[in-house]
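Since the structure is predicted, the reported quantities are computational estimates derived from the model, not experimental observations.
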Amino acid sequence: VMPGQSVERLNAVEIEVAETVGVSLPALGITSLSLPITLATNAAEGLVPATPVDDAPSVGSFGDSSTVVWDGSWLSVAAMPMMQMAAGDRLVLALPIMLRSSAGGQLPLTYMRRLSGLFGVNATWSHDDNTLHLSVATATGATADPPVPAESTVAVMVEGLTLLPGPWASSEVTIASDAVAGPVPPTTVHRVCRQEPGTPTMCCSGASPTCLYA
């Protein structure tokens with residue numbers, strides 16, 4: 001359908017709206033608990049009031065909670081998913097500024113908060129695209145609750161990475177998830193920080209790793 005053309009009744013119409021026109025997803029994503037999406041028209045042959053859309057895909061989000069901290073030997077990752085995460089769902093961090101310090105793709109994890117053991121004992125590192133993969137482990141025992149309830153903070157420390165020589169001012173650290181309850185496309189991590197003993201913590205918003213080399 002081109003601008004100015006009419007739409008015949010009973011014809012399916014698909015409309016795509018580019019983000020460049022100023023329309024984007026809500027910062028906290030879209031879930032079944034979100035305000036309903038509605039459609040309406042002022043068509044001359046029959047007005048249609050705002051009517052809830054019956055089926056819309058869920059989109060997850062980490063809001064502004066995602067934080068990555070480098071302390072010289074450990075990489076700490078913290079985030080609060082707005083959607084629940086089930087066994088097998090993955091959290092993926094793109095880390096162009098990091099490098100696996102030794103051969104092999106498994107990296108030991110240490111948990112900093114509750115939900116200990118959530119991602120098992122290891123994370124997986126991909127050499128091909130410098131991404132860190134955390135997969136939600138299968139819960140032990142019978143439970144009706146998801147391993148990661150919505151709006152629960154997850155926080156882990158990853159051992160075995162090194163910081164590449166910088167600066168990498170043009171690089172972005174991103175976070176994504178394939179959660180069934182609401183996938184998150186690669187999204188800029190809210191804060192990237194450097195925190196080493198005896199020095200002030202330096203943080204950069206918008207995933208700029210510049211402060212790691214200050």
Side-chain angles (χ1 to χ4, degrees), residues 28-29 31-32 58-164 171-196 207 209 212:
L28 299 183
T31 69
S32 59
S58 294
V59 180
S61 171
F62 294 99
D64 61 0
S65 68
S66 55
T67 302
V68 170
V69 181
W70 174 248
D71 75 351
S73 57
W74 292 77
L75 185 76
S76 301
V77 180
M80 178 187 291
M82 297 295 104
M83 67 294 178
Q84 68 181 34
M85 296 182 70
D89 289 348
R90 292 181 306 159
L91 187 156
V92 181
L93 279 163
L95 297 163
I97 57 175
M98 307 301 296
L99 180 69
R100 176 74 165 96
S101 61
S102 60
Q106 299 299 306
L107 299 172
L109 294 177
T110 298
Y111 292 85
M112 297 184 287
R113 301 194 181 189
R114 67 187 188 88
L115 302 177
S116 179
L118 171 65
F119 299 112
V121 295
N122 291 314
T124 301
W125 177 256
S126 172
H127 294 276
D128 295 334
D129 54 5
N130 280 37
T131 53
L132 182 72
H133 298 249
L134 300 165
S135 183
V136 178
T138 302
T140 56
T143 175
D145 297 325
V148 186
E151 301 185 35
S152 295
T153 298
V154 295
V156 296
M157 297 172 64
V158 185
E159 184 182 2
L161 293 172
T162 57
L163 187 66
L164 291 171
S171 297
E172 280 197 346
V173 179
T174 64
I175 187 170
S177 175
D178 61 1
V180 174
V184 181
T187 305
T188 301
V189 167
H190 185 63
R191 290 196 311 162
V192 175
C193 304
R194 183 171 188 166
Q195 182 181 32
E196 295 188 33
L212 297 180

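Counting heavy atoms from C-beta outward, V148 and Q84 have side chains that stay 4.5 Å or more apart. Within the 4.5 Å cutoff, side-chain heavy atoms of P108 are placed close to those of N122. Side-chain contact between T174 and T187 is absent, with no heavy-atom pair separated by less than 4.5 Å. Proximity of V158 to W125: side-chain heavy atoms (C-beta onward) are nowhere separated by under 4.5 Å. Inter-residue side-chain proximity for L134 and L109 is flagged as met; some heavy-atom pair is nearer than 4.5 Å.
Rounding to the nearest 0.5 angstrom, the gap separating the CZ atom in R191 from the CG atom in D64 is 9.5 Å. To the nearest 0.5 Å, atoms CH2 (W70) and CZ (R194) are separated by 9.0 Å. Here the CZ-OG distance, from F119 to S135, works out to 8.5 Å after rounding to the nearest 0.5 Å.
Nearest heavy-atom pair, V136 versus A86, reported as atom, atom and distance to 0.1 Å: CB-O, 3.3 Å. Q106 and T124 get closest at one heavy-atom pair: NE2-OG1, 3.4 Å. Between M98 and L163, the shortest heavy-atom contact is SD-CD1, 3.6 Å. Closest approach of G60 to V184, counting heavy atoms only: C-CG2, 3.3 Å. Nearest heavy atoms, M85 versus S177: CE-OG, 3.6 Å. What you find for A123 and L132 is that their closest heavy atoms are CB-CD1, 3.7 Å.
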Run the side-chain contact (heavy atoms from CB on, under 4.5 Å) test on L95 and V173 for me, step by step, so that the C-alpha distance in whole Å, both residues' side-chain angles and the decisive distance to 0.1 Å come before the verdict.
CA-CA 5 Å; L95 297 163; V173 179; 3.6 Å; yes
Evaluate side-chain contact (heavy atoms from CB on, under 4.5 Å) for L91 paired with F62, printing each intermediate quantity in order.
CA-CA 11 Å; L91 187 156; F62 294 99; 4.1 Å; yes
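Residues satisfying the side-chain contact (heavy atoms from CB on, under 4.5 Å) test with A176, not counting sequence neighbours, are P186. Not counting sequence neighbours, the partners of D129 by the side-chain contact (heavy atoms from CB on, under 4.5 Å) test are S126, T131. By the side-chain contact (heavy atoms from CB on, under 4.5 Å) test, S73 is found to be paired with D71, residues two or more places apart in sequence or in another chain being considered. Contacts of T110 classified as side chain to side chain donor-acceptor pair (under 3.5 Å), with partners at least two apart in sequence or in another chain: none.
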Below 3.5 Å, can you tabulate the donor-acceptor pairs from side chains in residues 75-82 to any protein atom, sequence neighbours excluded?
none

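Pairs passing the side chain to side chain donor-acceptor pair (under 3.5 Å) check and including a residue from residues 85-94, sequence neighbours excluded, read R90-H133, R90-D178.
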